[in-house]
Chemist: 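I'd like to ask you about the structure that follows.
The chains referred to below are lettered A, B, ... by the order of the sequence lines, with proteins before strands, and numbering in each begins at 1.
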There are 2 protein chains.
Amino acid sequence: MVHQQVLDKAFAALSDSTRRDILTRLGSGPATITELAEPFGITLTGIKKHVQVLEEAGLVTTEKIGRSRQCRLGTERLDDAMQWITFYQRLWERRLDGLDAYFTLRKGTES
Amino acid sequence: MVHQQVLDKAFAALSDSTRRDILTRLGSGPATITELAEPFGITLTGIKKHVQVLEEAGLVTTEKIGRSRQCRLGTERLDDAMQWITFYQRLWERRLDGLDAYFTLRKGTES
DNA sequence: TTGCTGGTGAACCATGTGGTTCAGTATACG
DNA sequence: CGTATACTGAACCACATGGTTCACCAGCAA
């Protein structure tokens with residue numbers, strides 16, 4: 001299992017829709033801070049902070065080129081998040097198969 | 001694609017290691033607030049708040065039985081989170097296959 | 001050199017979060 | 001009945017977060 005802090009940052013980074021949008025945007029190729037800022041109504045400084053959060057979470061990597069900063073996707077941390085969710089889903093499924101399978105029945109009869 | 005608010009809450013709920021531990025704990029069967037509180041060094045009120053966050057995120061469901069509250073796992077929202085991550089991973093993979101595949105080369109040559 | 005452009009950092013603000021304490025309320029037990 | 005138990009709610013605290021403004025610095029262009 002992955003280090004807790006890594007998951008903390010990854011999930012926290014993903015918990016903001018602006019940041020998820022940034023990731024989606026970067027999915028179609030690298031972009032600068034100003035390019036990222038345009039679609040949202042917020043300042044450069046604001047976007048810069050978001051990118052920084054994403055970078056510290058390992059979800060994007062950035063590189064200063066001339067006077068602009070290229071941002072592109074990173075992916076390792078996302079795999080960590082996925083891995084935890086998968087693990088947790090197994091827990092859930094195993095629980096259903098186990099002793100208290102009667103919960104499945106109850107679920108079926110609830111209003 | 002799922003509603004943004006749903007994802008916000010799900011990811012935010014998952015971004016705390018105490019809450020992830022609670023989910024893991026619930027993986028081995030339902031538990032009351034006091035039972036959940038024991039392993040962590042925090043107060044009942046503290047745990048109650050965490051459970052509330054998890055419940056609002058749709059990750060657990062609770063039911064008041066007598067003077068105690070039974071908490072057990074919910075799962076729909078986790079599927080939503082999983083779904084988004086999967087979608088995002090596809091984005092990433094598609095990007096690698098696309099125009100700027102040269103990034104893969106660069107990645108290999110970075111220090 | 002002068003000046004525009006893209007990005008940064010510091011300071012500030014309102015709100016949210018993770019935790020506490022303390023004073024209830026409701027149920028079980030004897 | 002009285003009392004212990006399990007939780008709940010309000011109020012408070014320190015600190016993080018998402019955003020702003022403003023001043024500034026580094027490159028590029030004329």
Chemist: Is A:S68 touching bases, backbone alone, or none of the nucleic acid, heavy atoms closer than 4.0 Å?
Modeler: sugar-phosphate
Chemist: Please check the phosphate of D:dT20 (OP1 and OP2 only) for any side-chain N or O of A:T45 closer than 4.0 Å.
Modeler: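 Negative; the distance criterion is not met.
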Chemist: Within the pair A:R67 and C:dT8, is there a side-chain N or O less than 4.0 Å away from OP1 or OP2?
Modeler: no
Chemist: Between C:dG18 atom C1' and B:I47 atom CD1, what is the distance in whole Å?
Modeler: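 So the two atoms are 11 Å apart, to the nearest Å.
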Chemist: For B:R69 and C:dT25, what is the distance between atoms CZ and C1' respectively, to the nearest whole Å?
Modeler: 14 Å
Chemist: Starting from C1' on D:dG19, measure out to CD1 on A:I33 and report it in whole angstrom.
Modeler: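 That distance rounds to 16 Å.
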Chemist: Whole angstroms only, please: what is the NZ-C1' distance between B:K9 and C:dT17?
Modeler: 14 Å
Chemist: A side-chain contact here means heavy atoms from C-beta on lying under 4.5 Å apart; do A:F11 and A:V6 qualify?
Modeler: no
Chemist: Just to verify, which of B:R69, B:R67, B:Q70 counts as forming a side-chain contact (heavy atoms from CB on, under 4.5 Å) with B:T32?
Modeler: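 Going through the options one by one, the only one that passes is B:Q70.
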Chemist: Whole angstroms only, please: what is the CZ-P distance between A:F40 and D:dG18?
Modeler: 14 Å
Chemist: Reckon A:G66 touches a base, only the sugar-phosphate, or nothing at all at heavy-atom distances under 4.0 Å?
Modeler: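 Sugar-phosphate contact only - A:G66 comes under 4.0 Å of backbone atoms but never of a base.
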Chemist: Determine, stepwise, if the pair B:E63 / B:R72 fulfils salt bridge (Lys or Arg N to Asp or Glu O under 4.0 Å).
Modeler: CA-CA 9 Å; B:E63 185 187 1; B:R72 44 202 170 81; 3.8 Å; yes
Chemist: What's the separation between atom OG1 in A:T43 and atom CD1 in A:I33, rounded to the nearest 0.5 Å?
Modeler: 11.0 Å
Chemist: Using a cut-off of strictly less than 4.0 Å, decide whether B:H50 has a side-chain nitrogen or oxygen near OP1 or OP2 of C:dG19.
Modeler: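 Yes, within the criterion.
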Chemist: Just checking A:K49: base, sugar-phosphate only, or nothing, at a heavy-atom cut-off of under 4.0 Å?
Modeler: base
Chemist: After noting the C-alpha distance and the side-chain angles of B:D80 and B:H3, does the key distance pass the side chain to side chain contact (heavy atoms under 4.5 Å, CB included) rule?
Modeler: CA-CA 9 Å; B:D80 291 343; B:H3 265 338; over 6 Å; no
Chemist: When you measure from the side-chain N and O atoms of B:K64 to the phosphate of C:dT27, is any distance below 4.0 Å, counting only OP1 and OP2?
Modeler: no
Chemist: Rounding to an integer number of Å, can you tell me how far B:L44 CG sits from C:dC22 P?
Modeler: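 Whole-Å distance recorded here is 15 Å.
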Chemist: Between B:D8 (CG) and C:dT15 (P), how many Å, whole number?
Modeler: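 For the pair B:D8 CG and C:dT15 P, the rounded distance is 19 Å.
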Chemist: In whole angstrom, what separates A:F11's CZ from D:dA16's P?
Modeler: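 Going from CZ in A:F11 over to P in D:dA16 covers 22 Å.
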